[in-house]
Engineer: 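Got a structure for you, written out below as structure tokens; questions coming shortly.
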Amino acid sequence: MCFLYLEILSRVRERFTQVVEEQFGLRIEQPALGFPPNADLGDASITACFELGKQLRQPPRKIAESVAARMLPMEGVERVSVAGPGYLNLYLDRAALAASVFETRAGHAAKVTTQAGDGKVLVEHTSINPNKAAHVGHLRNSVLGDTFARLLRFAGRSVEVQNYIDDTGVQVADVVVGFVHIEGKSVDEVRALVADPALRFDYYCWDLYARVTQAYEQDPALVARRLDTLKAIEEGHGPVAEMGELISTAIVRLHLQTALRLGIRYDLLVEESDILRLDFWKYAFELLKQRGALRFEESGKNSGCWVMSLSGEEGPAEAGEAGDTGEEGGERDVKIIVRSNGTVTYVGKDIAYHLWKFGLLGRDFGYERFYTYPDGHQLWRTTTNTQARGAPSFGGASDAYVVIDSRQSYLQRVVAAAFRELGYHEQAEHMHHFAYEMVNLSLSAAEALGIAPSESDRQRAYVEVSGRRGLGVKADELIDAVIEKALAEVRDRGMTSDASEQEAYARMVGVAALRYFLLKFTSRSTIAFDFKDALAFEGETGPYLQYSVVRARSIFRKAEGQPAIDAESGSPESAPSTDALQTFLEGAEGREFWELVVLAAQLEMTVRQAEASEEPAVLAKYAFRLAQAFNNFYHHHRVLAEPDPARRSFLLFLVRLVSETLSATLGLLGIEVPEHM
RNA sequence: GCGCCUGUAGCUCAGAUGGAUAGAGCGUUUGCCUCCGGAGCAAAAGGUCGCAGGUUCGAAUCCUGCCAGGCGUACCA
């Protein structure tokens with residue numbers, strides 16, 4: 001029997017619903033639950049009696065009292081009480097919950113899946129234009145996507161991570177223009193640059209891209225070259241296309257390495273060029289026309305275009321919109337999908353891609369092995385050769401998350417609207433735009449980078465990152481800086497003199513600092529990037545979390561070395577007896593221990609909340625609260641010096657339970673824990 | 001103009017489905033190593049939750065209107 005919070009709460013709901021139905025003949029859906037402000041008032045509470053009071057025209061407290069009398073017996077719940085104007089508070093069976101959490105964390109119990117988990121979930125993230133080095137904003141995307149994928153897996157879902165590569169877009173074309181028309185380089189010369197070990201090709205392109213953007217402003221002829229170049233790249237043959245391919249593949253490989261430094265991996269790279277060359281759009285276009293989702297404009301400003309109507313995009317719910325009889329006559333809410341010259345817009349390609357994601361296109365890519373990760377994990381890439389065999393089955397998902405910044409909301413809504421127009425309402429519901437806000441530069445960060453803020457920048461107190469202008473913090477430079485700082489700390493503390501160990505620890509600490517920094521903000525919050533905050537190792541930071549686990553593990557290491565402590569209690573394989581647990585979890589001091597157990601028991605519930613709200617920060621905050629609670633405990637109780645063996649055994653059990661929970665949580669955040677730090 | 005988002009402590013931010021005394025980190029001030037690791041612990045100070053109404057047993061949270069910011073609304077991607 002499992003007593004983790006998630007299960008207990010659903011049992012409580014069930015029971016409450018049942019009792020209310022028996023007693024009042026009223027069927028309620030999802031009774032409201034809450035958490036009391038402190039453990040004296042209980043471990044969970046039902047707040048539904050207030051709502052019921054209205055319906056039954058009775059005082060909530062009276063209802064709560066009459067229901068309370070019949071809630072028990074219930075597995076996992078020891079006591080029920082009524083408080084205040086009508087809270088129904090539940091006191092859990094402390095020994096049972098503690099033992100259950102321990103069994104689960106120690107891997108003795110079956111892993112809890114927090115939901116039904118039918119079908120594959122696809123998470124698309126990173127998707128950086130392959131024409132320059134990645135910057136902090138891209139890191140936010142990747143870390144959010146990667147963390148979300150990790151917690152979906154924990155929740156029992158089968159997850160496929162895709163990275164969309166816009167290898168035929170204007171941004172790649174711009175860099176090609178730079179090489180060809182500004183630097184006068186040949187394909188071979190660019191190839192030599194890529195191969196040059198002394199040169200960071202992505203940094204080189206970062207600068208070149210900024211130069212090209214500037215050059216466009218001074219030389220209109222160059223803008224014409226840009227169009228030719230884009231066309232050649234889209235068509236896919238000739239030296240220009242070859243150079244585009246060369247650049248984008250080289251940059252993608254560098255982006256993969258950057259992501260890998262933070263522990264981020266992918267399953268599949270989807271290339272836009274393959275979507276074009278396999279005519280995915282043609283099939284999507286046919287489908288859209290067949291089902292009347294697109295309309296050809298014979299006249300007006302959009303004459304010659306295929307457009308999609310966006311009115312009523314929120315589904316059939318809003319029938320009563322009589323207001324727009326104005327001069328535009330509803331023409332306002334249309335989106336051009338096919339231009340008057342016959343070419344398809346970005347949204348069109350995205351519609352085709354998403355149809356494929358859900359297995360609705362009736363077509364598939366070819367696949368080739370692209371990269372093997374150090375741990376053997378295979379990364380695939382799409383190709384036009386659909387005859388190749390041996391690849392796993394990609395796509396065909398039942399849920400798709402797209403991690404893109406919030407500026408893309410409109411386009412995401414257009415894709416969903418297209419699905420509804422096609423009659424795929426179910427799939428439209430399962431398309432999730434995982435939106436997040438930008439990373440800007442704080443004034444001090446801008447200053448550190450030698451960027452002079454404009455007057456309006458000063459007023460807003462931040463500077464916008466701009467790849468186009470070459471303004472921003474390069475991802476690798478930031479990772480270098482944070483690891484370098486961590487290395488200095490690790491050396492200072494002298495935990496090890498082995499240089500390669502020091503480097504390994506510094507890498508883990510630096511990555512933890514950076515990942516946690518990017519995760520602790522909710523995605524709706526704009527980050528004003530500041531070096532001081534991002535490089536902090538104290539307070540609410542990744543290293544603080546790691547440190548907590550390191551301390552806990554250090555106790556076990558020392559415990560094993562003490563002959564007075566037997567192997568069993570030194571590293572408890574099983575929980576203490578029920579009697580012992582009850583004894584130590586009672587009373588004023590027991591309450592302190594109990595609060596730790598409760599917190600640890602809430603991991604699954606927290607993961608579910610993070611998943612449902614599409615908010616990894618929820619999990620990050622949970623990790624911090626758990627670490628704080630543990631550090632507090634650590635400071636107030638000496639485990640190894642405890643003279644009473646039974647009590648020492650219990651304290652070890654508690655340390656084990658919490659540290660296992662915390663390291664599991666850190667795993668979900670992509671944070672590794674070094675042995676020393 | 002229309003649409004979406006944001007406004008909480010000096011600074012940076014949490015506050016799921018309305019719930020019990022609005023929290024944390026940083027910074028400031030002050031304590032704590034005879035004790036398993038001080039990247040730590042504890043305490044103090046710091047709040048008209050942008051403003052004004054409304055809904056109800058109860059509002060930082062929901063509704064309306066203002067104010068201030070951001071983003072979007074391309075035959076760009």
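Remember, predicted model here, so these are calculated numbers, not experimental data. The sequence lines fix the lettering, A, B, ..., with proteins before strands; numbering per chain opens at 1.
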Engineer: Across the strands shown, which category fits A/S613 at heavy-atom distances under 4.0 angstrom: base, sugar-phosphate, nothing?
Structural biologist: nothing
Engineer: Please give the distance between the C1' atoms of B/C26 and B/A14 as a whole number of Å.
Structural biologist: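 Looking at atom C1' only, B/C26 and B/A14 are 14 Å apart.
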Engineer: Here's a test of your reading of the structure: between A/P543 and A/P37, which maps to the more 5' nucleotide of RNA chain B?
Structural biologist: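 Nearest nucleotide further toward 5': that of A/P37.
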Engineer: Between B/A39, B/A77, B/C71, which nucleotide has the shortest distance from any of its atoms to the side chain of A/N129?
Structural biologist: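 So the nucleotide nearest the side chain must be B/A77.
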Engineer: Any carboxylate oxygen within less than 4.0 angstrom of a Lys/Arg side-chain nitrogen, looking at A/E642 and A/R638?
Structural biologist: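 Not counted as a salt bridge, because no side-chain N and carboxylate O are separated by less than 4.0 Å.
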Engineer: Could you please name the option among B/C75, B/G72, B/G25 that lies closest to any side-chain atom of A/Y410?
Structural biologist: B/G72
Engineer: Which part of the nucleic acid does A/Q171 contact within heavy-atom distance under 4.0 Å: base, sugar-phosphate only, or nothing?
Structural biologist: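 Nothing, no nucleic acid heavy atom in range.
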Engineer: Is the distance from the ring center of A/Y87 to that of A/F50 below 6.0 Å?
Structural biologist: yes
Engineer: Report the glycosidic orientation of B/C33: syn if within 90° of 0, anti in every other case.
Structural biologist: syn
Engineer: May I ask you to check whether over 12 heavy atoms, not counting those of A/Q628, lie within 6.0 Å of atom CD?
Structural biologist: yes
Engineer: Is there a side-chain polar atom (N or O) of A/Q628 under 4.0 Å from OP1 or OP2 of B/G25?
Structural biologist: yes
Engineer: Choose from B/C36, B/A74, B/A20 the nucleotide whose nearest atom is closest to any side-chain atom of A/S554.
Structural biologist: B/C36
Engineer: B/A77, B/A39, B/C36: which one has an atom nearest the side-chain heavy atoms of A/T345?
Structural biologist: B/A77
Engineer: Report yes if a donor N or O on one partner sits less than 3.5 Å from an acceptor N or O on the other, where the partners are the side chain of A/N631 and the base of B/A39; otherwise report no.
Structural biologist: no
Engineer: Would you mind writing out the side-chain donor-acceptor pairs for residues 343-352 of chain A within the sub-3.5 Å range, not counting sequence neighbours?
Structural biologist:
unit_1	atom_1	unit_2	atom_2	d
A/T343	OG1	A/R339	NH1	2.7
A/T343	OG1	A/N341	OD1	2.7
A/T345	OG1	A/I337	O	3.1
A/K349	NZ	A/E272	OE2	3.4

Engineer: Could you tell me how far apart A/N440 (CG) and B/C71 (C1') are, to the nearest whole angstrom?
Structural biologist: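 Nearest whole value for this atom pair: 11 Å.
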Engineer: Salt bridge check, A/R608 against A/E604: does any charged N sit closer than 4.0 Å to a carboxylate O?
Structural biologist: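 Salt bridge between A/E604 and A/R608, a charged N being under 4.0 Å from a carboxylate O: no.
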Engineer: Does A/Y547 put a side-chain nitrogen or oxygen below 4.0 Å from OP1 or OP2 of B/A39?
Structural biologist: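 Affirmative; the distance criterion is met.
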Engineer: If you check every side-chain atom of A/Y634, which of B/A74, B/G19, B/G37 has the closest atom?
Structural biologist: B/G37
Engineer: Quote, to the nearest angstrom, the P distance that separates B/G10 from B/U6.
Structural biologist: 22 Å
Engineer: Where the side chain of A/C305 is concerned, which of B/C36, B/C75, B/A20 is the nearest nucleotide?
Structural biologist: B/C75
Engineer: What is the nucleic acid contact for A/R625, judged by heavy atoms within less than 4.0 Å: base, sugar-phosphate only, or nothing?
Structural biologist: nothing
Engineer: Can you tell me which nucleotide in B/A20, B/A39, B/G3 comes closest to the side chain of A/A83?
Structural biologist: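 So the nucleotide nearest the side chain must be B/A20.
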Engineer: Respond yes when some side-chain nitrogen or oxygen of A/R551 is under 4.0 Å from OP1 or OP2 of B/G38, and no when none is.
Structural biologist: yes
Engineer: Between B/C32, B/C36, B/A20, which one does the side chain of A/H635 approach most closely?
Structural biologist: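 The nucleotide sitting nearest to the side chain is B/C32.
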Engineer: Is there a salt bridge (charged side-chain N to carboxylate O under 4.0 Å, His left out) between A/R493 and A/E489 once you walk through the steps?
Structural biologist: CA-CA 6 Å; A/R493 286 158 206 271; A/E489 293 280 340; 2.8 Å; yes
Engineer: Rounded to the Å, how far apart are A/E540 CD and B/C11 P?
Structural biologist: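 Atom CD in A/E540 sits about 18 Å away from atom P in B/C11.
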Engineer: Given B/C71, is OP1 or OP2 found less than 4.0 Å from the side-chain N or O atoms of A/S406?
Structural biologist: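 For B/C71, OP1/OP2 do not have a side-chain N/O of A/S406 under 4.0 Å.
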Engineer: Suppose we call a contact any N or O donor and acceptor under 3.5 Å apart; does that hold for the side chain of A/S409 and the base of B/C4?
Structural biologist: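 By the distance-only test, no, there is no pair.
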Engineer: On RNA chain B, check which nucleotide each of A/A627 and A/H676 is closest to and give me the residue with the more 5' one.
Structural biologist: A/H676
Engineer: If you measure from the C1' atom in B/G58 to the same atom in B/G19, how many Å do you get, rounded?
Structural biologist: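 Result for the C1' pair: 7 Å, nearest Å.
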Engineer: Taking the minimum atom-to-atom distance to the side chain of A/M677, which one of B/G37, B/A20, B/A74 wins?
Structural biologist: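 In terms of side-chain proximity for A/M677, the closest of B/G37, B/A20, B/A74 is B/G37.
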Engineer: Determine the contact category for A/V655: base if any of its heavy atoms lies under 4.0 Å from a base atom, sugar-phosphate if only primed atoms, P, OP1 or OP2 are that close, otherwise nothing.
Structural biologist: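 Nothing, no nucleic acid heavy atom in range.
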Engineer: Determine if A/Y87 stacks with B/G19; use a centre-to-centre distance below 5.5 Å and an interplanar angle below 30° as the criteria.
Structural biologist: no
Engineer: With a non-hydrogen cut-off below 4.0 angstrom, is A/S303 in contact with a base, only sugar-phosphate, or nothing?
Structural biologist: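 Base contact.
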Engineer: Work out how far the P atom of B/G70 is from that of B/U64, and round it to whole angstrom.
Structural biologist: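 The same atom, P, in both gives a distance of 23 Å.
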Engineer: When rounded to the nearest Å, what value does the distance between P atoms of B/A24 and B/A42 take?
Structural biologist: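 So the two P atoms sit 10 Å from each other.
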Engineer: Taking only side-chain N and O atoms of A/N38, does any of them lie within less than 4.0 angstrom of OP1 or OP2 on B/A20?
Structural biologist: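 No, no such contact exists.
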Engineer: Does OP1 or OP2 of B/C41 have a side-chain N or O of A/Y544 closer than 4.0 Å?
Structural biologist: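 So the side chain of A/Y544 is within the cut-off, an N or O lying under 4.0 Å from OP1 or OP2 of B/C41.
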Engineer: Summarise how protein sits on nucleotides 12-17 of chain B as a single string, 5' to 3': B when a protein heavy atom is under 4.0 Å from the base, S for sugar-phosphate-only contact, - for no contact.
Structural biologist: SSSSBB
Engineer: Just one of A/D167, A/D166, A/T168 clears the side-chain hydrogen bond (donor to acceptor under 3.5 Å, both in side chains) bar with A/S273, so which one?
Structural biologist: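 Single pass found, and it is A/D167.
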Engineer: Using the P atoms only, state how far B/A20 lies from B/G65, rounded to an integer number of Å.
Structural biologist: 29 Å
Engineer: Measuring only the P atom in each nucleotide, how far is B/A16 from B/G50? A whole number of Å is fine.
Structural biologist: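 It works out to 15 Å between them.
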Engineer: How are the rings of A/F531 and A/F529 set relative to one another: parallel (under 30°), tilted (30 to 60°) or perpendicular (over 60°)?
Structural biologist: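 Ring orientation, 0 to 90° scale: perpendicular.
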Engineer: Any ion pair linking A/E615 and A/R524 (charged N to carboxylate O, less than 4.0 Å)?
Structural biologist: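 Looking at A/E615 together with A/R524, the answer is no, because their closest N to O distance does not fall below 4.0 Å.
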Engineer: I'd like to know whether the aromatic ring centres of A/F593 and A/F650 sit less than 6.0 Å apart in this structure.
Structural biologist: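 Under 6.0 Å, so yes.
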Engineer: Please give the distance between the P atoms of B/U17 and B/C5 as a whole number of Å.
Structural biologist: 15 Å
Engineer: Going by purine N1 to pyrimidine N3 plus the second Watson-Crick contact, or the G-U wobble pair, all under 3.5 Å, which nucleotide sits opposite B/C11?
Structural biologist: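 Base partner found: B/G25.
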Engineer: Could you tell me whether A/N89 contacts a base, only the sugar-phosphate backbone, or nothing, with contacts defined as non-hydrogen atoms closer than 4.0 Å?
Structural biologist: base
